[in-house]
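A quick write-up on the structure given underneath.
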There are 2 protein chains.
Amino acid sequence: MPHDATTLLPQNSFKAPFVSQDLFREAMSLLGAPVVLVTTDGPGGKQGLTVSAISSVSDTPPTVLVCLNRSNRSHQAFLKNGVIGISVLSPVHHELARVFASRSVEPDEKFAHGSWTLGETGSALLSDALVTLDCDIDAIHSAGTHDVLFCGVKSISTNTDAEHGLAWFSRDFHHLPVKLPVKRA
Amino acid sequence: MPHDATTLLPQNSFKAPFVSQDLFREAMSLLGAPVVLVTTDGPGGKQGLTVSAISSVSDTPPTVLVCLNRSNRSHQAFLKNGVIGISVLSPVHHELARVFASRSVEPDEKFAHGSWTLGETGSALLSDALVTLDCDIDAIHSAGTHDVLFCGVKSISTNTDAEHGLAWFSRDFHHLPVKLPVKRA
């Protein structure tokens with residue numbers, strides 16, 4: 001199987017009861033997840049939003065994935081710019097997570113909150129994030145309502161002072177202690 | 001853009017310093033994640049392993065993704081069987097997580113631990129898991145060393161008695177309280 005391609009498997013014949021959106025969302029609320037801000041800037045405009053659907057994929061080459069709803073108004077900007085900045089949040093960022101999760105707040109107003117630096121890709125990175133990843137978007141796989149962005153990590157910074165990380169679980173924030181020392185990036 | 005296809009974006013010209021495996025792994029240790037067992041059975045054989053690289057993707061149709069290392073000896077079984085059972089672990093499952101994470105333990109020996117039921121796909125599901133998802137593997141996207149399996153969720157069960165979920169963060173287990181009541185699946 002080629003390693004950069006998508007394979008569609010044949011449909012299985014097994015039939016199962018209908019899984020409702022509510023049931024699926026309730027189950028997914030019990031899958032712990034990090035809380036990150038994803039940002040982009042370039043010809044498609046500057047955008048940012050809060051995301052929990054993110055996962056490490058491979059360390060060779062360093063790759064993470066982020067799931068974006070295609071109906072989100074920032075979606076096209078990420079695709080046009082081809083770059084993404086990822087800032088992993090810690091417990092001091094509850095309010096920032098809420099601001100960037102709002103669909104009614106304009107990008108300029110969002111970025112007025114928090115302290116930002118610019119990554120080499122042009123994406124904004126949160127100065128006091130637990131971890132920042134500056135990435136190119138290498139590939140996109142669409143599934144249902146979402147696009148999964150495969151992000152090639154070009155640079156990393158780690159905040160060695162942070163004592164806790166932030167998780168989203170059971171529709172609430174939770175604080176997770178960092179085992180020190182964190183190796184300096 | 002077609003919604004079942006993969007798009008490869010043109011390479012960006014931006015150059016960045018080399019990101020080492022160590023640096024990437026250190027950063028990823030600070031991305032909180034759930035702990036799940038993934039299992040499969042069928043013509044490719046019965047296999048199971050512990051995974052943290054899992055994310056919700058879309059509720060229409062209900063889809064999750066799981067990242068599997070292609071070098072893992074169980075990898076081909078998942079592809080051949082085309083089905084996957086996902087059991088989300090809770091704090092009573094530390095030992096089970098360790099057993100299924102071992103590369104030296106044979107499948108039969110792994111499944112001697114824990115109490116199991118069979119999903120309609122034929123995959124084993126942990127009886128006292130926080131959540132179980134019985135899935136077809138609908139598509140595969142390869143990235144670096146890993147295959148990302150896109151899993152169509154055919155049925156869900158939720159354990160309404162569990163009071164805590166399990167997270168993996170900073171190379172350790174953490175217990176996250178469930179906000180009750182959990183809706184019955």
Side-chain angles (χ1 to χ4, degrees), chain A residues 3-4 6-9 12 14 16-17 19 21 23-28 30-32 34 53 55-63 67 82-83 88 120-121 130-131 136-146 148 150 153-156 158 165 167 169-172 174 176 178-179 183 185, chain B residues 1 3-4 6-9 12 14 16-17 19 21 23-28 30-32 34 53 55-63 67 82 88 120-121 130-131 136-146 148 150 153-156 158 165 167 169-172 174 176 178-179 183 185:
Chain A
H3 288 171
D4 286 312
T6 287
T7 308
L8 295 174
L9 298 191
N12 283 294
F14 133 73
V19 174
Q21 283 188 344
L23 176 55
F24 181 73
R25 289 177 186 178
E26 186 72 18
M28 290 301 101
L30 297 175
L31 205 59
S55 173
S56 172
V57 179
S58 175
D59 64 10
T60 314
T63 307
C67 305
V83 295
V88 182
E120 291 208 41
T121 66
L130 186 58
V131 171
D136 286 336
I137 301 171
D138 292 333
I140 296 162
H141 179 95
S142 299
T145 52
H146 281 60
V148 180
F150 287 84
V153 180
K154 300 308 175 188
S155 69
I156 293 180
T158 307
F169 175 80
S170 195
R171 301 193 174 93
D172 209 351
H174 298 269
L176 304 177
V178 174
K179 197 189 292 181
K183 287 180 200 161
Chain B
M1 181 186 311
H3 288 171
D4 287 313
T6 287
T7 309
L8 295 174
L9 297 191
N12 284 293
F14 133 74
V19 174
Q21 284 189 344
L23 176 54
F24 180 74
R25 290 177 184 179
E26 186 72 17
M28 290 303 100
L30 297 175
L31 206 59
S55 173
S56 173
V57 179
S58 174
D59 63 11
T60 313
T63 307
C67 305
V88 182
E120 292 209 39
T121 66
L130 187 56
V131 172
D136 286 336
I137 301 170
D138 292 332
I140 296 161
H141 178 96
S142 300
T145 51
H146 281 61
V148 180
F150 287 83
V153 181
K154 301 308 175 188
S155 69
I156 293 180
T158 307
F169 176 81
S170 196
R171 301 195 174 91
D172 209 350
H174 299 269
L176 303 177
V178 174
K179 197 189 291 180
K183 287 180 199 162

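Computed over heavy atoms, backbone and side chain alike; hydrogens, waters and symmetry mates excluded. Keep in mind that what you see is a predicted model, and the values were worked out from it rather than measured. Every chain is numbered from 1, with letters handed out A, B, ... down the list of sequences.
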**OP:** Could you check L130(A) against L31(B) for side-chain contact (heavy atoms from CB on, under 4.5 Å), going step by step and ending with a plain yes or no?
**Re:** CA-CA 9 Å; L130(A) 186 58; L31(B) 206 59; over 6 Å; no
Original post:
Checking heavy atoms, do the side chain of F24(A), its backbone, both or neither come under 4.5 Å from chain B?
Top reply: both
Subject >> Nearest atoms (heavy-atom pairs only) where S56(A) meets C67(B) >> reply: O-SG, 3.8 Å
Original post:
So which part of V57(B) gets closer than 4.5 Å to some heavy atom of chain A, the side chain, the backbone, both or neither?
Top reply: both
**OP:** Please state whether the rings of H141(B) and F150(A) are parallel, tilted or perpendicular, taking 30° and 60° as the class boundaries.
**Re:** parallel
**OP:** Could I get the full list of side-chain hydrogen bond (donor to acceptor under 3.5 Å, both in side chains) partners for S58(A), not counting sequence neighbours?
**Re:** T145(B)
Subject >> Intermediate values then yes/no, side-chain contact (heavy atoms from CB on, under 4.5 Å), L30(A) and T158(B) >> reply: CA-CA 9 Å; L30(A) 297 175; T158(B) 307; 3.8 Å; yes
Subject >> Nearest non-hydrogen partners of K179(A) and S170(B), listed with the distance >> reply: N-OG, 2.8 Å
Original post:
For the candidates P62(A), A53(A), A27(A), which exhibits the highest count of non-hydrogen atom pairs separated by less than 4.5 Å from chain B?
Top reply: P62(A)
